[in-house]
Amino acid sequence: VAGLAADIGRYLEGLPIAARRDSLRYVAGKFARRHRGALAVAASVVALVGGLTALYLVRVARERDLATAQAARADQVVSFLKGIFVEASPEVAQGKVLTAPDLLAQGVQRIQTELAGEPATQADLLNVIGDVYRGLGMYGEAEVQLERALAVRRRAHLPADTVLANILSNLSVVTRVGGDLVSADTFAQQGVALMRRLVGTENPAFASVLNSLAEAKRVRGQAAVAESLYRADLALRRRILPKVHQDIAESLNNLALILLVEGKYAEAEAMERETLAMRIALGARDRFEVSNTETNLAIILPRAHKYAEAGSLFTRALAERRRLFGMNEPRTLNTEQNYGSLLYAEGRYAEAQAVLEDALRRMRGVLPPDHRFATTAMKWLALTLSARGLHDSARVVAARSVAGFTKQVGPVHSGTLQAERALGLVDAAAGRRAAAESLLGATYDRQRAHLGRRHPQTLATARDLESCYRAWRKPEMAAGHRL
């Protein structure tokens, strides 16, 4: 708690006449008449200082009591969590094999019954358990427990604190992964505003929620806003943390991803390589962080035609994610569809089709049908099918990709525009010239308006149009799109 320190200097000048030795009453009366205005100000200052001092003492006492209460809650949370894992001991389990989800489910039941009269501790524990569910990839259950934590706090009218800010930030993460991008953005903004008020902006806790807000902006297609937030977050963490730190690695990784979206491939690759080196130097808390970085670097490298290195990284990352999370966890499935895109870029169409169709089949069981992982996989599958001459199937899949992106993120998101470009290319390959020209032309116009004339995606569509017009023997139109 920042101490209130105020040095108030008061210099009152002027003396009564010195003709005789005056009484105190006479001197005071003369002084008051001569300095009536100054005395009024001084009296106000004294009153203000007295009031602020009283408020400060009340605040100190309240925050001391709050800190004591939070420490007691922390002890209770630790004790309760230990009790959950005691359930897995051989003496208690009595031969039953209890998985992590089993233990968490038992913990939730105990929280609701044993801590019914302690809402603050209930909310703390539900937040912890929700975050553990998130770490296990069980995003639906994570959201349920985090929403319960929020509801408990609201019913009990608990004061705003950093626990509430963390609940909001965690909800932003799970709703983002679940595909509810508007809620993710809202939760993140609320978490940032609250954490700023509670701890200020030069604090690791604030940096954490700021990163969540940047992530929410990234997936909504607000690339410029996201980049600005990521850069601010990275600069903050570099100021307040050691030079080699896992949070700095996180900021570097996330900034690299938005630079990829914006077409700044060289800078994105450099940042992702710095991330990988830092996480290896840290020994990483587990292999997932290194695996995650290798996956992201593998996504970036094909832009520089570094296919062999990208393939090697994808192979390692996929093996690690399957080991850590299983075959049907969203992060595993997203890595698989990214690997499928690499196979397509290398011209290995049969392999790409097999990988993408398998990933999509398993996504149907764990993700909403219009989730961005699925719609991205559909885009690459459509291009792959088209390259193999399966034009009708390709168009069906491409149209579903466009519809899914439009529903999730709107008509001018870069993902939607890329899906439309893919649909235009599918039409062009199938000989549907009018449809292809109309779609590619409209996509190009929207890309110029929303991404800029020199954005790599805009330039790629311009090259597509030039190529199509040359094939259609329209040289004057081709010249209009020549770079």
Side-chain angles (χ1 to χ4, degrees), residues 218-228 230 255-272 296-307 310 338 341-347 372 375-376 378-380 382-384 386-387 394 398 401-402 405-406 409-429 432-433 435-483:
R218 176 179 66 85
V219 297
R220 294 196 73 186
Q222 299 174 21
V225 176
E227 182 186 347
S228 177
Y230 281 134
L255 180 55
L257 291 179
I258 198 63
L259 292 172
L260 170 64
V261 170
E262 294 183 297
K264 302 173 183 178
Y265 301 136
E267 188 180 2
E269 181 181 340
M271 287 209 162
E272 205 62 75
N296 293 335
L297 182 56
I299 294 169
I300 295 168
L301 289 175
R303 274 68 177 184
H305 306 289
K306 300 176 181 179
Y307 299 118
N338 280 315
S341 73
L342 173 66
L343 295 171
Y344 166 79
E346 291 185 286
R372 59 194 173 89
T375 51
T376 302
M378 290 177 201
K379 177 190 72 177
W380 291 114
L383 290 170
T384 300
S386 177
S401 176
V402 171
F405 268 114
T406 303
V409 293
V412 296
H413 187 281
S414 62
T416 306
L417 297 174
Q418 282 289 81
E420 287 185 347
R421 175 185 171 228
L423 179 56
L425 291 173
V426 167
D427 280 338
R432 293 184 282 264
R433 293 184 180 182
E437 182 177 7
S438 174
L439 192 53
L440 288 172
T443 301
Y444 179 61
D445 289 341
R446 283 198 292 275
Q447 286 174 327
R448 283 192 304 172
H450 296 281
L451 301 178
R453 297 178 64 90
R454 306 306 301 174
H455 191 283
Q457 292 180 14
T458 309
L459 297 176
T461 306
R463 286 192 292 270
D464 294 336
L465 281 165
E466 181 190 6
S467 178
C468 286
Y469 282 128
R470 281 203 312 269
W472 298 336
R473 301 184 185 281
K474 294 183 177 182
E476 71 287 352
M477 296 297 291
H481 291 88
R482 188 169 300 132
L483 299 176

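Sequence positions, counted from 1, serve as the residue numbers for this chain.
Closest heavy-atom contact between Val426 and Ala398: CG2-CB, 4.4 Å. For the pair Thr416 and Gly410, the tightest heavy-atom approach, listed with the atom from each and the gap, is OG1-O, 2.7 Å. The two residues Ala268 and Leu259 have their closest heavy-atom pair at CB-CB, 3.9 Å. Scanning all heavy atoms of the two residues, the minimum distance from Thr375 to Ser401 falls at O-OG, 2.9 Å. The minimum heavy-atom distance linking His455 with Gly263 is given by the pair NE2-N, 4.0 Å. The shortest heavy-atom contact between Pro411 and Arg446 is O-NE, 4.0 Å.
Contact annotation: the side chain of Leu260 approaches that of Tyr265 to within less than 4.5 Å [non-hydrogen atoms, C-beta and beyond]. Using a 4.5 Å cut-off on side-chain heavy atoms (C-beta onward), Glu227 and Lys264 make contact. Within the 4.5 Å cutoff, side-chain heavy atoms of Glu269 are placed close to those of Leu297. Inter-residue side-chain proximity for Val409 and Arg372 is flagged as unmet; no heavy-atom pair is nearer than 4.5 Å. Side-chain contact between Leu459 and Gln447: absent, with no pair of heavy atoms (C-beta onward) separated by less than 4.5 Å.
Shown here are the side chain to side chain donor-acceptor pair (under 3.5 Å) partners of Thr443, two or more places apart in sequence or in another chain: Glu420.
Taken to the nearest 0.5 Å, the CD atom of Glu262 stands 11.5 Å off from the CG atom of Leu257. In this structure, the separation between OG1 on Thr461 and CD on Gln418 is 6.5 Å, given to the nearest 0.5 Å. Distance CG/Leu440 to CG/Asp464: 6.0 Å, rounded to 0.5 Å. Taking NE2 of His450 as the reference point, atom OG of Ser414 lies at 11.5 Å (rounded to 0.5 Å).
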Applying side chain to side chain contact (heavy atoms under 4.5 Å, CB included) to Glu437 and Asp427, what does each step give before you reach the verdict?
CA-CA 9 Å; Glu437 182 177 7; Asp427 280 338; over 6 Å; no

Run Arg220 and Arg218 through side chain to side chain contact (heavy atoms under 4.5 Å, CB included) and show every step you take.
CA-CA 5 Å; Arg220 294 196 73 186; Arg218 176 179 66 85; over 6 Å; no

So Trp472 and Met477, side chain to side chain contact (heavy atoms under 4.5 Å, CB included) or not? Walk me through it.
CA-CA 10 Å; Trp472 298 336; Met477 296 297 291; over 6 Å; no

Should Leu425 and Ser386 be marked as a side chain to side chain contact (heavy atoms under 4.5 Å, CB included) after you check the CA-CA gap, both sets of side-chain angles, and the distance that decides it?
CA-CA 9 Å; Leu425 291 173; Ser386 177; over 6 Å; no

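In this structure, Phe405 and His413 have parallel ring planes: the angle between them is below the 30° cut-off, well short of the 60° mark.
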